[in-house]
Amino acid sequence: MIVEVALPVPMRGGFDYLLPEDHAQPTPGARVRVPFGSRQLVGVITAIKQNSDQPTDKLRRITALLDHKPVLSALMLDWLNWASRYYQHPVGDVISTALPARLRKGEPATSQQSFWRLTETGQALNSDSLKRAPQQQAIIERLRAGRCEDKILKQEFSAAIIRAVKEKQLIEATDDAYIPDTDWPARIKISGQLNANLEQSLAITAINNQAQGFHSFLLEGVTGSGKTEVYLQCIAPLLQQGKQILILVPEIGLTPQTVARFEQRFGIDVAVLHSGLTDKERLTVWQQAGLGETGIIIGTRSAIFTPLANPGMIIVDEEHDGSYKQQDGWRYHARDLAVVRARLENIPLILGSATPSLETLNNALTGKYQHLSLKQRAGGAKAVQHQVLDIKGQALDYGLAKGMQQRIRLHLQQGHQVMLFINRRGFAPALICHQCGHVEECHRCERSFTLHRQLNKLQCHHCGDAKIVPSRCAACGHPDLQPVGMGTEQLEHGIQRLFPQYTAMRIDSDSARGKQKLHGLLDEINQGNSQLLIGTQILAKGHHFPRVSLVVILDVDSALFSADYRAAEHLAQLITQVAGRAGRAQIQGELWLQTHNPGHPLLQDLLNNGYQHFARLALKERQFAALPPYSYQALFRSEAVNGNLAYDFLEQVKACLRQTDISLIGPLPALMEKRQGRYRMQLLLQSDKRTGIQQWLSNMMTRIEKLPLANKVRWSLDMDPMDFT
DNA sequence: CGGCGTATCAGT
DNA sequence: CTGATACGCCGG
């Protein structure tokens with residue numbers, strides 16, 4: 001008999017092994033240890049077959065079968081196989097990403113603990129027949145509540161007592177199969193007031209009506225409209241039926257308060273999965289969920305791989321959040337995997353957001369997802385006032401216009417905090433005329449050119465067209481052409497000089513590395529120790545800053561004219577999230593945007609009509625430009641110390657795909673052209689049919705992997721790329 | 001990916 | 001000739 005095994009090596013396809021005759025019947029999904037070259041690897045059986053397409057004398061035999069019961073169900077295997085094909089990523093690597101590290105290393109999958117339980121005699125025992133042996137009686141009572149782990153029982157009672165009760169055959173050790181503790185549905189006790197306004201009730205009813213079988217919902221609820229309450233009330237009946245709920249949250253949104261809210265409502269423990277867990281803790285959560293011992297599992301991106309014995313629903317909160325996309329190795333999108341998993345598990349899925357991604361919104365508008373809206377804001381939070389400051393021709397100090405400096409000073413003098421947003425650095429920007437705000441555009445695509453200083457060229461990242469950097473503005477003839485956002489990079493250094501009597505603090509993913517550290521910084525902010533807060537997106541995600549009365553987005557143009565067509569969407573999400581949070585309660589909040597183009601249609605639409613309206617307009621633009629979600633993309637990235645190698649490799653990839661109906665844009669320099677001394681290039685594949693890209697790639701990947709340059713450069717394929725840095 | 005064989009080179 | 005490092009190839 002032959003087994004096909006997925007191994008954690010970057011090679012496509014499974015590997016066939018012989019199974020020794022005397023072995024127990026293996027199941028797909030069980031792990032094996034196998035010889036691979038000169039080493040031993042742990043892999044997962046993906047198929048059992050009678051013959052191999054390899055010559056039999058090449059086959060080696062497995063070293064050991066590690067599991068009696070599969071660690072991955074047939075459904076999970078199907079799902080991961082699908083994912084491997086969809087992302088064109090080696091199946092062994094996909095499976096290995098989906099398993100906890102401990103299982104990857106071949107450690108036992110089932111609990112090794114042994115338990116004590118009552119024998120039948122013990123169960124039948126009259127409660128006062130052991131009156132003269134109170135310790136023994138205590139053990140019996142202890143076990144009447146349920147089995148107890150050997151280790152724990154030995155902590156509570158002396159070994160002699162345990163031995164005595166065992167001799168009487170009242171208790172017995174069970175080291176055979178682990179008996180899952182699945183009593184939690186009986187322990188559910190719903191508490192807290194179940195208030196729901198009309199909108200919330202409508203949403204809850206709509207979801208409850210479709211709670212059997214696969215069905216997708218977009219729950220679009222403005223900040224503070226009570227999405228969580230909808231989740232809580234929707235999952236209640238499912239939990240009571242003993243069905244498990246898997247909830248995904250963004251990396252930064254997983255706070256103890258979130259978890260506490262679920263625990264308080266239902267009175268049962270919530271399992272939490274995040275990057276701070278040890279391998280052991282992660283394995284425990286994984287096992288317990290797989291055995292059906294946990295009702296609610298909340299986790300970040302990788303929690304989507306948690307097995308569920310009795311799945312009831314998947315919720316992806318803040319579905320637009322970028323942290324759901326893995327940015328190295330296997331570049332999966334947890335939200336997209338969730339959709340497919342829910343379909344396979346045949347359970348409902350809720351995608352929740354105040355600012356849904358355009359992909360999701362499009363699915364809702366076309367009826368693929370049921371669209372539920374919460375527009376009413378709970379509580380008496382004052383709406384934030386938006387203001388746009390035109391900075392055309394204005395002198396800027398470190399990116400701040402004079403008028404803005406005065407505004408900031410005013411707020412600081414009132415004892416409030418001011419938050420300044422700058423974009424991430426190092427991106428290739430557009431070229432803007434500081435006098436009239438005109439941006440050089442590609443005539444074919446009507447999209448802004450991107451400045452590549454190293455080449456002294458403007459390049460269109462939509463069609464690949466390029467031209468030499470002009471010396472004068474094409475609209476007004478002024479020579480004051482500047483890269484968008486110029487000066488903002490110096491803000492951090494300059495701000496202290498502009499406002500010497502106040503303290504400035506910078507918060508970005510570097511200074512806030514590690515969850516603990518970020519929460520520490522946030523606490524510090526809310527104590528008011530710093531008055532000026534400088535940060536990037538990270539500041540906007542799900543945190544409240546009651547002392548902040550003024551929020552400034554310095555560099556709106558870099559988002560409006562970015563080569564990354566998602567930048568405007570992300571800016572709109574940022575503005576909306578910030579507006580929903582700054583200066584809640586007593587203080588009237590103000591949001592100021594600096595731009596050369598106050599009349600930009602997307603910006604105007606966002607400010608006048610809100611995110612919902614903006615998103616629909618942005619979708620029209622995407623449709624006009626044939627961009628996602630109206631087309632499908634895949635991105636080859638390559639990097640090498642020698643930039644020519646990176647370029648040549650992508651040229652060869654391009655040649656492989658030339659005979660197809662996929663449009664190929666590039667090779668172009670990445671928006672961050674150079675990183676850690678390596679030149680970075682990209683080749684964008686785009687098609688109006690998803691299957692087109694899929695099929696051509698599955699035919700071509702083996703050939704691409706064999707290209708002579710393929711192991712001279714570092715390269716990867718990114719399906720549905722979200723980030724063009 | 002990671003191990004192993006072969007090529008290459010400075011140093012004896 | 002020897003040991004150290006670099007690179008390419010292979011794995012079922």
Could you identify which residues of residues 5-16 of chain A place a heavy atom less than 4.0 Å from some atom of DNA chain C, listed by residue number, or say none? M11(A), G14(A), F15(A), D16(A)
Within the 4.0 Å heavy-atom criterion, would you say F36(A) contacts the bases, only the backbone, or no part of the nucleic acid? base
Counting any heavy atom closer than 4.0 Å, what does K706(A) reach on the DNA or RNA strands: base, sugar-phosphate only, or nothing? nothing
Check W79(A), F305(A), Y86(A) against Y332(A) for a ring-ring contact (aromatic ring centres under 6.0 Å, His included) and give me the one that passes.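 When W79(A), F305(A), Y86(A) are each tested with Y332(A), the ring-ring contact (aromatic ring centres under 6.0 Å, His included) holds only for F305(A).
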Chain A on DNA chain C: first and last contacting nucleotide, 5' to 3', under 4.0 Å to a heavy atom?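 Listed 5' to 3', the contact boundaries are dG8(C) to dG12(C).
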Between D16(A) and K49(A), does any side-chain N to carboxylate O distance fall below 4.0 Å?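 Looking at K49(A) together with D16(A), the answer is yes, because their closest N to O distance falls below 4.0 Å.
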Charged N-O contact under 4.0 Å between R680(A) and E673(A): no
Would the distance check show the side chain of R335(A) and the main-chain N or O of D317(A) forming a donor-acceptor pair, the cut-off being under 3.5 Å?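 Absent.
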What I'd like to find out is whether the side chain of [X] reaches to under 4.5 Å of the side chain of [Y], using heavy atoms alone.
X       : Y       : value
R341(A) : L246(A) : yes
E651(A) : Y647(A) : yes
Q633(A) : L685(A) : no

Please tabulate, one pair per line, each protein N/O and nucleotide N/O from nucleotides 4-6 of chain B that are separated by under 3.5 Å, including the distance.
unit_1 : atom_1 : unit_2 : atom_2 : d
dC4(B) : OP1    : S38(A) : OG     : 3.4

The side-chain contact (heavy atoms from CB on, under 4.5 Å) partner of V259(A) among I247(A), I296(A), V249(A), V270(A) is V270(A)
Single hit among D718(A), L717(A), D336(A) for side-chain contact (heavy atoms from CB on, under 4.5 Å) with Y87(A):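 Answer to the side-chain contact (heavy atoms from CB on, under 4.5 Å) test with Y87(A) among D718(A), L717(A), D336(A): D336(A).
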For L103(A) versus A109(A), what's the shortest heavy-atom pair and its separation? CD2-CA, 3.6 Å
